[in-house]
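Shown next, in structure tokens, is the structure this report addresses.
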Amino acid sequence: IDEQGREQILGFFLPGELFGLPMCAAPFVLILRNDLLTAAGLEVPKSFDDIKQVAKALTVDTTLDVSRDVLAGATTPLAVSRDVDAFTVPPDWAAPVVVPAIDRRVRTLSARAELVDATGTPVTVTVGTDEPRSTLPLASASVSFKGEVAEQWAATLTFTDPWMIPTDSTHPLWGARNYYVRLWWRILDGGEWTEHLVCTVAIGNSGGQDTGTISGTVQCRDVLSTARGGYGGPLDVGGLTVDEALRAIFERVAPTLPLQVGTSTVTLPDVYELGEQDPAKDWTEIAALAGWVVRTGRDGTVVAGPRPTPTVALDWSEGPDCPVTELSWDHGIEHMGNRITVRSSDPDYVGVYATVQDDDPASPTWVGGPWGVHPLPSIDSDAVTTVEAATNLARMHLGRGLRPVEDVSVTIPQRPDLEYRQVVHLARRQVGIGADYRISSWDLDLPVTGQPPAPMSVRMMQRTVEE
């Protein structure tokens, strides 16, 4: 102590003269997590070099950033997954694994992105750095999911690291390198990071700008989009079952894509040759023969089979536990009509038809009322062989045409586990919203540096307004 005090006092000497005395001192304190050191088999650091080595040893990964948000009383289960094998697809199309509900109001969130090859093996990034990186240094990332279209995944990645902006064909993010980006959403739970696999997408177009600061973007697309290059010649699938035909298509147009196909007993006609149209149209039509769809799972696997129906319903009714912060709706009348004709298209029943209309004077869509006559598109059906059948079919379609359709969108705190057609109960009595809806699409901005996580928007499937 005396020696330390002597050193401090010497700092107040001019040559031969003491001009002042120190009035206060501030000790330096280093706080250590002994539990982490012990678990990693490390000793207490004794120098700055030791501290640097310990910090590297205890850093398990790098992420976009750690951010926090206030969860507005949400108590619904938040599904996440940990250490998911990239291309191990469970029967429910790699749906997330449900963990206990997250009911605290403050959540610590993060995200990360990694590059993988066609087999799902992580690719180490070495461009612009002396040390290989297992994660991509993103500035931001946004994900779009649209369950009602075949190519349902898309993402936009933003970089401010100039080295991560692809400029030639040797760059790992060059679109033709046949690499993919896997995006993870992370939440701190019980002192540990738990990860949810959001999606795996193919690398597409890229660009950048220099406004004094260089930044670049990489557009990513659904993995299915990489399988649309054409057959390169005729492909005979005649006499094959649906699953055999689908395997033959992907073996020809995208042999490196991971593929999971169910088993079907439905057989194609003996004469069935492909090669003249977009392969996507062919696999869609062939899958439909078995009542199947072809989609990309979250892990990048192309899956052909019956579309799974989510079993977990969500309750977002108004009340203290409701996570919905915004709700918008639209009632559309463009498709409405009050008169329709159904005709037989069977050549043996030419002239069989029926026309029905809204004849109820008490109805707001009465053909004799102020709205007048609004014909719906006529229907031709080879299943119609009698006037009675035509009338019944016409009445069914007229019933749908007499009611408007409803589009509903909501804003909620981030939860990327939402699945297409998942049931959500919404209730806003004051505006007439109160029914079970099904999720159609959502948009998510992954957590980014220094900002609270942005809420996500969720759009419901269009539904007919019931009376």
Side-chain angles (χ1 to χ4, degrees), residues 86-87 89 93-94 115-120 123 142-157 166 169 171-183 198-207 217-238 240-262 264 266 268 272-307 420 440-441:
F87 295 110
V89 185
W93 290 34
L115 200 64
V116 298
D117 62 19
T119 67
V123 176
S142 60
V143 178
S144 175
F145 171 76
K146 294 179 172 60
E148 296 185 2
V149 299
E151 297 175 10
Q152 55 192 7
W153 295 104
T156 300
L157 315 179
S169 60
H171 196 282
L173 292 179
W174 189 263
R177 290 293 302 274
N178 201 30
Y179 286 155
Y180 303 89
V181 174
R182 186 186 299 151
L183 296 171
V198 181
C199 64
T200 303
V201 285
I203 297 172
N205 296 336
S206 59
T217 58
V218 175
Q219 302 295 333
C220 297
R221 50 205 171 98
D222 195 287
V223 171
L224 265 179
S225 67
T226 65
R228 303 182 63 176
Y231 292 99
L235 177 63
D236 184 9
V237 294
L240 300 182
T241 60
V242 166
D243 55 304
E244 292 171 339
L246 292 174
R247 289 191 181 92
I249 291 173
F250 282 96
E251 180 63 29
R252 174 69 69 86
V253 301
T256 63
L257 286 185
L259 178 68
Q260 178 177 302
V261 183
S264 172
V266 178
L268 275 60
Y272 205 116
E273 186 176 89
L274 308 177
E276 295 184 356
Q277 64 180 7
D278 186 344
K281 186 173 183 180
D282 287 330
W283 72 58
T284 299
E285 293 175 351
I286 291 174
L289 296 175
W292 291 0
V293 293
V294 178
R295 295 291 188 271
T296 303
R298 290 178 181 266
D299 58 3
T301 299
V302 175
V303 184
R307 182 183 287 280
Y420 176 59
S440 169
S441 61

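In this chain, residues are counted from 1 in sequence order. Because the structure is a prediction, the values reported are computed rather than measured.
Distance NZ/Lys146 to OH/Tyr420: 13.5 Å, rounded to 0.5 Å. How far CD of Gln219 is from OG1 of Thr156: 3.5 Å, rounded to the nearest 0.5 Å. Taken to the nearest 0.5 Å, the SG atom of Cys199 stands 13.5 Å off from the OH atom of Tyr180. Once rounded to the nearest 0.5 Å, the distance linking CZ of Arg177 with CG of Leu115 reads 8.5 Å. The OG atom of Ser264 sits 8.5 Å away from atom CG of Leu246, with the distance rounded to the nearest 0.5 Å. Between the CG atom in Leu224 and the CG atom in Leu257 there is a gap of 7.5 Å [rounded to 0.5 Å].
Judged purely by atom type and a 3.5 angstrom limit, Thr301 has no side-chain atom pairing as donor or acceptor with the backbone of Val303. Checking side-chain atoms of Asp222 against main-chain N and O of Trp153 turns up a donor-acceptor pair under 3.5 Å. Not a single donor-acceptor pair under 3.5 Å links the side chain of Arg182 to the backbone N or O of Val201. In this structure, the side chain of Thr284 engages the main chain of Ala280 through a donor-acceptor pair within 3.5 Å.
Residues Glu276 and Lys281 are not paired through a salt bridge, judged by the lack of any N-O separation under 4.0 Å between the basic side chain and the carboxylate.
Taking every heavy atom of both residues into account, Ala287 and Val294 meet most closely at CB-CG2, 3.9 Å. The two residues Ile203 and Leu173 make their nearest non-hydrogen contact at CG2-O, 3.2 Å. Across all their heavy atoms, Pro258 and Gly300 have their closest contact at CG-O, 3.8 Å. Of all non-hydrogen atoms in Ser206 and Pro166, the two that sit nearest each other are OG-CG, 3.3 Å. Taking every heavy atom of both residues into account, Glu273 and Pro234 meet most closely at CD-CB, 3.7 Å.
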For this session: Give the intermediate values and the outcome of side chain to side chain contact (heavy atoms under 4.5 Å, CB included) for residues Thr241 and Leu268.
Result: CA-CA 6 Å; Thr241 60; Leu268 275 60; over 6 Å; no
Problem set entry | Candidate pair Glu148 and Ser440, rule side chain to side chain donor-acceptor pair (under 3.5 Å), full reasoning | CA-CA 6 Å; Glu148 296 185 2; Ser440 169; 3.2 Å; yes
Exercise. When you look at Ile249 and Ile286, which way does the side chain to side chain contact (heavy atoms under 4.5 Å, CB included) test go after all the steps?
Worked result: CA-CA 10 Å; Ile249 291 173; Ile286 291 174; 3.8 Å; yes
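Two rings, from Phe250 and Trp283, have their centers less than 6.0 Å apart.
Looking at heavy atoms from C-beta onward, Asp243 lies in side-chain contact with Trp292 at the 4.5 angstrom threshold. Side-chain contact check for Arg252 versus Arg247: every heavy-atom pair is 4.5 Å or farther apart. Taking the side chain as every heavy atom from C-beta outward, Gln260 and Val302 never approach each other to under 4.5 Å. Within the 4.5 Å cutoff, side-chain heavy atoms of Val123 are placed close to those of Tyr179. In this structure, Thr200 and Thr296 have side chains that are not in contact, with every pair of non-hydrogen atoms separated by 4.5 Å or more. Arg221 has its side chain within reach of Thr226: a pair of non-hydrogen atoms, C-beta onward, lies under 4.5 Å apart. Contact of the Val253 side chain with the Tyr231 side chain is registered, since non-hydrogen atoms from C-beta on lie closer than 4.5 Å. Annotation: side chain of Leu157 is not in contact with side chain of Thr217 (no heavy-atom distance under 4.5 Å).
At most 12 heavy atoms of other shown residues, nucleotides or ligands fall within 6.0 angstrom of atom CG in Asn205.
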